[in-house]
Peer 1: 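Here it is, the structure, as structure tokens.
Only a predicted model underlies this, so the values are computations on that prediction, with no experimental measurement involved. Side chains are part of it too, since the values below use all heavy atoms of this structure and drop only hydrogens, waters and symmetry mates. Residue numbering restarts at 1 for every chain, and letters A, B, ... go by the order of the sequence lines.
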2 protein chains.
Amino acid sequence: MPNIHDIAKKAGVSVSTVSRVLNNYKYVSEEKRKAVQRVIDEWSFAPNRNAIGLIRGETRMIGVIMPYNNNQAFDQMLHGALNRSRELDYSVAVLPTKYDKNKELEYLYMLKNKWLDGVIITSRANDWEQILPYVEYGAIIACEFTEHPEIGCAYIDRYASYVDSFQFLKEKGHQAVAFTTARGWESKSTQQTIAAYENVFGAVPDRYFISDCYSFEDGYRAAEKLLGLSDRPTAIYANGDEVAGGMYRYAASAGLTIPQDVAILGQENQPIGVALDLCSVDHRLVQVGEQAFDLAVRRSRDKVNIPYRIIKRSSV
Amino acid sequence: MPNIHDIAKKAGVSVSTVSRVLNNYKYVSEEKRKAVQRVIDEWSFAPNRNAIGLIRGETRMIGVIMPYNNNQAFDQMLHGALNRSRELDYSVAVLPTKYDKNKELEYLYMLKNKWLDGVIITSRANDWEQILPYVEYGAIIACEFTEHPEIGCAYIDRYASYVDSFQFLKEKGHQAVAFTTARGWESKSTQQTIAAYENVFGAVPDRYFISDCYSFEDGYRAAEKLLGLSDRPTAIYANGDEVAGGMYRYAASAGLTIPQDVAILGQENQPIGVALDLCSVDHRLVQVGEQAFDLAVRRSRDKVNIPYRIIKRSSV
DNA sequence: ATGAAAGCGCTAACAA
DNA sequence: TTGTTAGCGCTTTCAT
């Protein structure tokens, strides 16, 4: 494989001239530029990206830290990031953690060893205290709101969204409302959901709250539990449309009518929700991913709020 | 940021010794090893990955070329690749093409400029003739069968699978069978579907074949068209469970009973299919992704067949 | 077991 | 406008 010296020699110029042609510098005579370009084409020369990364100290590569990649919500954010990466001519690395703290730190380490220019944290296992030391090495953008001024973020006002959702259910006449979340108390999103519930309905009855729901199957089982209660809820707020789909399926198989017997409210406006005509709170996660990517590229520390919306359908 | 020289100086050894410690070489006295390790820890030194990539000529990074990333089928393969990447301590870059030939070639170029050790092609826009020249620069693994001996692949016997599917429908008593595909005639998978159809049912009536179906909405519209026919099909074979879900939704809204009025057969065993109790042909795409990744890492040119299965549910 | 030194392939400051 | 040259940070002979 030829290197820049070979090209220079063959074209009868110096390596700097080749470099200038490669990087579209002005101050290169048309004559030499053509000569160099001819050799580059002829030998189909490709400048070594590691050498460039080494010297420039940047790789034009952004990492997306996500707990799971086959998850509707995270895939939407990844999708947003990929959209922008194409337009800005960056590459993206997918960094799945399964909420493993060490794995997450390993990924952050890739900023330090100059492999990544920045990372987008769609959801994290570590506390900010563990993460903050890495801001010195590259952009760290969160997909949640954080006070830390050194962390840029593209976020949703989740608390407001949850309050709105519960309020919406209440206005539809529901008093006995249950809900599910992905993670447990360690997750801020779970805490916010609970706080919003308390704001609207008061204390959360233990039996009306189920965590660790990720999939269709989890939703099915959650509904089984919830709807088997003697004082079963008249509405369920699911943490995602797939989970909501599982609930729908259980309810249907149990002979319950939706929304008369039980109302179901999902999240993220997924195809399965459209399929089942499920009412859903759309947090516009693709937009979150796009914004986060832009912030990462610009090494910005801005805090950008992304608006949500409730999509009304027949399940509530 | 300290480099290997700083570490060497501080530890009172040469750079080669530091390098040896970094790479776990034997023949380093326990004494020096400890001294070096102490400095590395103290300064939390991170060796520059670009320098290593430059010198070693490999990056432990594999790219996954995929037309769309928010697509059930491709996401499954990506998921498989990520599974293995974690275990083998590799990174993966997502390379979305939208079936743009130039973009695809740009990604292949990343092998040449030493950014990627290998790529997995989940689906391609270019002919093999365009792609083959790049095998010289890194592993190229396809997720489809190809004759070319220089291309390793993890593939499904799609033709057999399609024949089996149509046969299954036929055995259930269906004669008027329609089907959808993602891409048009340019796609081998479409061609194989058609060939399989002809094998089982004879010539394909134009009105029973609809291409460019990717999403739930596409499925909905396809069903609208198909079921509006005066001689409407009694069964539809959809190219994916989301598409099948859209068909289900249309059929339901049109007051048709499944499978009595129309049977629906999907693909890839997705949550939406489980939700709607849709019969589905599972091509085990996660396994395909896993296998492809292993082949890429091993720079293997093996051809590995992944078995499929029909999951029987109430929609047929 | 350890170190000196020659690169890996490129960019950019400096000189001309 | 062009060339010379000194690195970027690391690995790896080759001596010792």
Peer 1: If I compare all heavy atoms of A:His79 with all of B:Asn70, which pair ends up nearest, and what's the gap?
Peer 2: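 Scanning both residues completely, I find the closest heavy atoms to be CE1-ND2, 3.0 Å.
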Peer 1: Kindly point out which of C:dC10, D:dT1, C:dA4 is positioned nearest to the side chain of A:Asn48?
Peer 2: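 In terms of side-chain proximity for A:Asn48, the closest of C:dC10, D:dT1, C:dA4 is C:dC10.
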Peer 1: Would you kindly give the CD1-to-C1' distance between B:Ile7 and D:dT11, to the nearest whole Å?
Peer 2: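 Rounded to the whole Å, the gap is 16 Å.
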Peer 1: Measure the distance from NE2 on B:His5 to P on C:dA5 and round it to the nearest whole Å.
Peer 2: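 So the two atoms are 11 Å apart, to the nearest Å.
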Peer 1: Closer than 4.0 Å, any side-chain N/O of A:Asn3 to the OP1 or OP2 of C:dG9?
Peer 2: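 Yes, because at least one side-chain N or O of A:Asn3 sits under 4.0 Å from OP1 or OP2 of C:dG9.
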Peer 1: Counting any heavy atom closer than 4.0 Å, what does A:Val18 reach on the DNA or RNA strands: base, sugar-phosphate only, or nothing?
Peer 2: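 Contact class for A:Val18: none.
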Peer 1: Which one, C:dA5, C:dC10, D:dT4, comes nearest to the side chain of A:Ile4?
Peer 2: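 Nearest nucleotide to the side chain: C:dC10.
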Peer 1: What does A:Val13 touch in the nucleic acid at a heavy-atom separation under 4.0 angstrom: a base, only the sugar-phosphate, or nothing?
Peer 2: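 If one applies the 4.0 Å heavy-atom cut-off, A:Val13 turns out to touch the sugar-phosphate alone, with no base involved.
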Peer 1: Whether B:Arg183 engages the ring of B:Tyr99 as a cation-pi pair (distance to the six-membered ring centre under 6.0 angstrom, angle to the ring normal within 45°) should be assessed.
Peer 2: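 The answer is yes; both the distance and angle limits are met.
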Peer 1: Which whole-number value in Å describes the distance from A:Asn113 CG to D:dC8 C1'?
Peer 2: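 From A:Asn113 CG to D:dC8 C1': 15 Å.
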Peer 1: In whole angstrom, what separates A:Phe45's CZ from C:dC10's C1'?
Peer 2: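 For the pair A:Phe45 CZ and C:dC10 C1', the rounded distance is 8 Å.
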Peer 1: Quick check for you: among D:dT4, D:dC10, C:dC10, whose closest atom lies nearest to any side-chain atom of A:Ser14?
Peer 2: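 My answer, after comparing the listed nucleotides, is D:dT4.
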Peer 1: Separation of B:Asn24 atom CG from D:dC10 atom C1', in whole Å?
Peer 2: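 After rounding, the gap between these two atoms is 16 Å.
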Peer 1: What parts of residues 31-43 of chain A reach DNA chain C, counting only heavy atoms under 4.0 Å away?
Peer 2: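 None - not one residue of the stretch has a heavy atom sitting under 4.0 Å from the strand.
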Peer 1: Do A:Thr17 side-chain and D:dG3 base share a donor-acceptor contact under 3.5 Å?
Peer 2: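 Counting by modelled atom types and ignoring angles, no donor-acceptor contact under 3.5 Å is found here.
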Peer 1: Taking the side chain as every heavy atom from C-beta outward, state whether B:Lys98 and B:Tyr68 have any atom pair closer than 4.5 Å.
Peer 2: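 They are in contact (side-chain heavy atoms under 4.5 Å apart), so the answer is yes.
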Peer 1: Take atom OH of A:Tyr27 and atom C1' of C:dC14, then tell me their distance rounded to the nearest Å.
Peer 2: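 Value for this atom pair: 16 Å.
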Peer 1: Describe the nucleic acid contact of A:Asn50 in one word from base, sugar-phosphate, nothing, applying a heavy-atom distance below 4.0 Å.
Peer 2: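 A:Asn50: no heavy atom of the nucleic acid under 4.0 Å.
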Peer 1: Tell me whether the side-chain N or O atoms of A:Arg20 pair up with the base of D:dG3 as donor and acceptor below 3.5 Å, since no angle test is needed here.
Peer 2: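 Such a pair exists between side chain and base.
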Peer 1: Can you tell me if NZ on B:Lys303 sees more than 12 non-hydrogen neighbours from other groups inside 6.0 Å?
Peer 2: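 Counting neighbours around NZ of B:Lys303, more than 12 heavy atoms of other residues, nucleotides or ligands fall under 6.0 Å, so yes.
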Peer 1: Could you check whether the side chain of B:Ser29 and the base of C:dT2 have a donor-acceptor pair of N or O atoms closer than 3.5 Å, going by distance alone?
Peer 2: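 Donor-acceptor pair under 3.5 Å: no.
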Peer 1: Report yes if some heavy atom in the side chain of A:Met77 is under 4.5 Å from a heavy atom in the side chain of A:Glu290; otherwise report no.
Peer 2: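 No, side chains not in contact.
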Peer 1: Should A:Asn23 be listed as having a side-chain N or O under 4.0 Å from OP1 or OP2 of C:dT11?
Peer 2: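 Answer yes for this pair, as a side-chain N or O of A:Asn23 is under 4.0 Å from OP1 or OP2.
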Peer 1: Does this structure show an ion pair linking B:Glu136 with B:Lys112, if we count only N-O contacts that are shorter than 4.0 Å?
Peer 2: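 Salt bridge between B:Glu136 and B:Lys112, a charged N being under 4.0 Å from a carboxylate O: no.
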Peer 1: If the condition is ring pair (Phe, Tyr, Trp, His ring centres under 6.0 Å), which residues does B:Tyr107 pass it with, not counting sequence neighbours?
Peer 2: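 B:Tyr107: no ring pair (Phe, Tyr, Trp, His ring centres under 6.0 Å) contacts found.
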Peer 1: OP1 or OP2 of C:dT11 less than 4.0 angstrom from a side-chain nitrogen or oxygen of A:Tyr25, does that happen here?
Peer 2: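 A:Tyr25 to C:dT11 OP1/OP2: no side-chain N or O under 4.0 Å.
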Peer 1: Using 4.0 Å as the upper bound for N to carboxylate O, is an ion pair formed by B:Glu104 and B:Lys101?
Peer 2: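 Looking at B:Glu104 together with B:Lys101, the answer is no, because their closest N to O distance does not fall below 4.0 Å.
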Peer 1: Under a 4.0 Å threshold between the charged nitrogen and the carboxylate oxygen, would A:Glu144 count as salt-bridged to A:Arg158?
Peer 2: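 Salt bridge flag = no for A:Glu144 with A:Arg158.
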Peer 1: Does any residue of residues 51-58 of chain B have a heavy atom under 4.0 Å from DNA chain C, and if so, which ones, in number order?
Peer 2: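 By residue number: B:Leu54, B:Ile55.
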Peer 1: Any side-chain N or O of A:Ser19 less than 4.0 Å from the OP1 or OP2 oxygen of C:dA12?
Peer 2: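 For C:dA12, neither OP1 nor OP2 has a side-chain N or O of A:Ser19 closer than 4.0 Å.
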Peer 1: Between B:Lys34 and B:Glu31, does at least one N-O distance fall below 4.0 Å, as a salt bridge requires?
Peer 2: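 Looking at B:Glu31 together with B:Lys34, the answer is no, because their closest N to O distance does not fall below 4.0 Å.
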